[in-house]
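Right, one structure below, let's go through it.
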Amino acid sequence: MREVAILGVAMTKFGNSEKTNIEMFAEAGLGAIKNSNIEAKDLEALFFGNCLGTFEEGQMHMAPFAHSVLGMPMSSPATRFEGACATATVAIRHASLLVGAGVYDMVIAGGAERTTAMGTPLATRTFAMGCHAQYESPLGITFPGVFGMAAHMYAKKYNIPLKELKRNMAEVAVKNHFHGAKNPKAHFQKEITVEKVLSGGMVADPLQLLDCCPFSDGSAAVVITSADKAKQLVDKPIYIAGTGQASAGPLYLQQDLTRVKAREISIKKAYKQAGIAPKDVDLCELHDCFTIAEILALESMGFYEFGKAYDSAAKGETRLGGKMIVNPSGGLKAKGHPIGATGAAQVTEVVEQLRGESGSRQVEGAKIGVVDTLGGDYGTVCNIILRS
Amino acid sequence: MNEECTFEDYQKSMADNKILGVLCADCNTITAPPQAVCRKCSSPNLSPKELGKNATLQTFTVIRVAPDGMNPPYIVALAETDDGPWVIGNLIGVDPDKTDLELIGKRVTMSSQHTKGNLYSLADFHTLTFSLQ
Ligand SMILES: [Zn+2]
C-alpha cells in the first residue's frame, strides 16, 4: 500500500438547511475540489454517504446525482455508502484504501444528510431502523435508549451514584458547546451550563435533551490522493496514517454496553498501522452522539482506563487548553449530526486543525489527530488517524 | 443437525409463550434469538431449543421520546438468561416513573406480548417481556 493524503476539505454550515441533499453536497464537494487546486475532471471516483434520503426527500440512488452536480466525468463511478452514523467515515476509509492500493490516483469522498426534513417523530422512527428490525425495533428502542441503557450500566458497574454520573455527563455537553461556540459551522454556537443540561426534558432515562446531539442537515467532503501527488498540489498535505473498522452484531450480542468492543478492535488496528499509541494523539474528534458516548469512546480508545473517563470534561482535561482535546469542533453534540455527513465533517475538522487553520479553537501545535465514528447501536465503528 | 430456525418459527413459538433459541451441537452454547450459526463458535450445526423463563436484569432505560407509532413512557431492558444468552425486551408491570438502578440485578421472568406493527415494520410482532419475580 502506498501512502495516502488528504488535499482539500470543505463542509456546509450544519443546522437546518433549505437546500436539498444534492445541493448541500455540491457546496461541500465543490469547496473541497477548489481547496485541492484540482478540477472535477481529475476525480476518478466518488464515495458518497447518505443514510435516509429515501425518507427525507423520497430519493434513493443519490450517488450518481451527487456525481453529476460536481461535474465529474461519466467514466468516474459514484457509489453510495451506508454505515448509519459512521457512513462518511466508512466511505473515506474505503476511498483511502483504493487510492492506497493504486486503483485510483485521486477521488472525492463525503456525505450529505437532511434529517430535519422528516420532523422529530419520523426522524426518531427512521433512526431506530438502525436497530435490529425484528428483535429490537418492535420494542420501541431508540438510540438515546441504547445509550441510556449504557449509562445505567456504567453507573452500576463502576459504583458511581447516578446523580454524580449525570453531573459529569452534563459537563461533556457543556465542554462541547464551549467548543461549538467557537465554530462558525456549528449547528449550536452558544454555551450552556450544567444546570441547563440537568433541567432539560427526559428523552430516555437517564439522558435528558441536552445529553443528546441534535438532528441536523449538512454535508462535508474531502479529496484524497497519493502522498506524492498531494505534495505537488497543496502546501500542507495531511497524511492518512492509519485506519480501522470493525463490525459487531445486534445490541443483545454486545452484553456489556460499557465496552464498545468493535471500537476497541478498530482503533487498535488504526494505532498499529500508524505506529502510534494513544499518548501520541494531540486531538480527537469522536462520536459524542450522547454525553455518555464520549465517555465510553475515551475509554475504548485507550485515552483513559475503563471506568475513569467519566469526569474527564469536569476536570477540564478534554477542553481546549487541556491535556488531550476532544471534539474541538463542538462534536456531534454542538456542531450537529447530519448522520451521512458526520464522519466527513470530523475529518474536515482534524485536517484543518493539523493545518493550523482553526482560528479561536485551534489546538496549538497539533500533529496527530484521530477520527472516531460509531454507527447504529454499536454495530459499526470506523477510525481514521491523520498526521501533518 | 442443522435444522433451520427462522424468525417465523421464533414468532410462532412466542405466540405460545415459548422463547426459542438454537443449541450448538459442537460447543453446547445456546444462541437466542435464533440465527444461522452459533454466536460462540460459528458452527451451523444447530437445533431449535426452548429457553427457560428465568433471567437477571442487566440494564434498562425508560423511553420518553418514542418513534412514530409507539406510546411512551415504556421500559426497554437487557437481561442475561439463565441459559446464557442476553436478550432485549420490555420490562412490564413496573411504573416507568418509579425506576432506579436497584432494578439492575433483579430476577425476572420472561414472557411475550403482542405488539402492533406500524407503517415500516414487517408485521405485528410477539415481543419479549420481563416481569419482576
Ligand atoms: Zn458453538
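Chain naming here is simple, since letters A, B, ... match the order of the sequence lines and numbering starts at 1 in each. Note: hydrogens, waters and symmetry copies are ignored here, and every other heavy atom, side chains too, is used.
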Q. Counting heavy-atom pairs under 4.5 Å to chain A, which of B/I104, B/N71, B/V87, B/T127 comes out on top?
A. B/I104
Q | Contact class of B/T99 relative to chain A, heavy atoms under 4.5 angstrom | A | side chain
Q.
Does any backbone or side-chain atom of A/F55 lie under 4.5 Å from a heavy atom of chain B? Answer side chain, backbone, both or neither.
A. side chain
Q) When heavy-atom pairs shorter than 4.5 Å are enumerated against chain B, which of A/Q134, A/M129, A/M202 gives the highest number? A) A/Q134
Q: Name the region of B/F60, side chain, backbone, both or neither, that has any atom closer than 4.5 Å to a heavy atom of chain A.
A: both
Q. Parallel, tilted or perpendicular: which fits the ring planes of A/H132 and A/Y252, with parallel below 30° and perpendicular above 60°?
A. tilted
(Q) Can you tell me which portion of B/A79 sits under 4.5 Å from chain A's heavy atoms? Options are side chain, backbone, both or neither. (A) neither
Q: Please state whether the side chain, the backbone, both or neither of B/A123 comes within less than 4.5 Å of a heavy atom of chain A.
A: neither
**Q.** Flag for A/Q59-A/N50: side-chain donor and acceptor within less than 3.5 Å
**A.** no
Q) Does A/F147 have its ring centroid less than 6.0 Å away from the ring centroid of A/Y378? A) yes
Q) What part of B/V62 is in contact with chain A, defined as an atom under 4.5 angstrom from a non-hydrogen atom: side chain, backbone, both or neither? A) both
Q: Establish, from distance only, whether the side-chain atoms of B/S13 and B/D16 form a donor-acceptor pair under 3.5 Å.
A: no
(Q) Ring centroids only, cut at 6.0 angstrom: are A/Y135 and B/F7 within range, meaning strictly under it? (A) yes
Q | Contacting region of B/Q11 [heavy-atom separation from chain A under 4.5 Å] | A | neither
Q. Is it the side chain or the backbone of A/L122 that comes within 4.5 Å of chain B heavy atoms, both, or neither?
A. both
Q. A/L257 versus chain B, heavy atoms under 4.5 Å apart: side chain, backbone, both or neither?
A. side chain
**Q.** Residue B/L128 versus chain A: region with a heavy atom under 4.5 Å
**A.** backbone
**Q.** Salt bridge flag under 4.0 Å for residues A/K269 and A/E264
**A.** no
Q) About how many Å separate CG of B/L78 and CE of A/M149, when rounded to the nearest 0.5 Å? A) 4.5 Å
Q | Between B/L101, B/V65, B/T59, the one whose heavy-atom pairs under 4.5 Å with chain A are most numerous | A | B/T59
Q) Do the side chains of B/V108 and B/T56 get nearer than 4.5 Å, heavy atoms only? A) no
Q: Could you tell me which of A/A150, A/P250, A/P138, A/G148 has the largest number of non-hydrogen atom pairs under 4.5 Å with chain B?
A: A/P138
Q.
Does this structure show an ion pair linking B/D83 with B/K49, if we count only N-O contacts that are shorter than 4.0 Å?
A. no
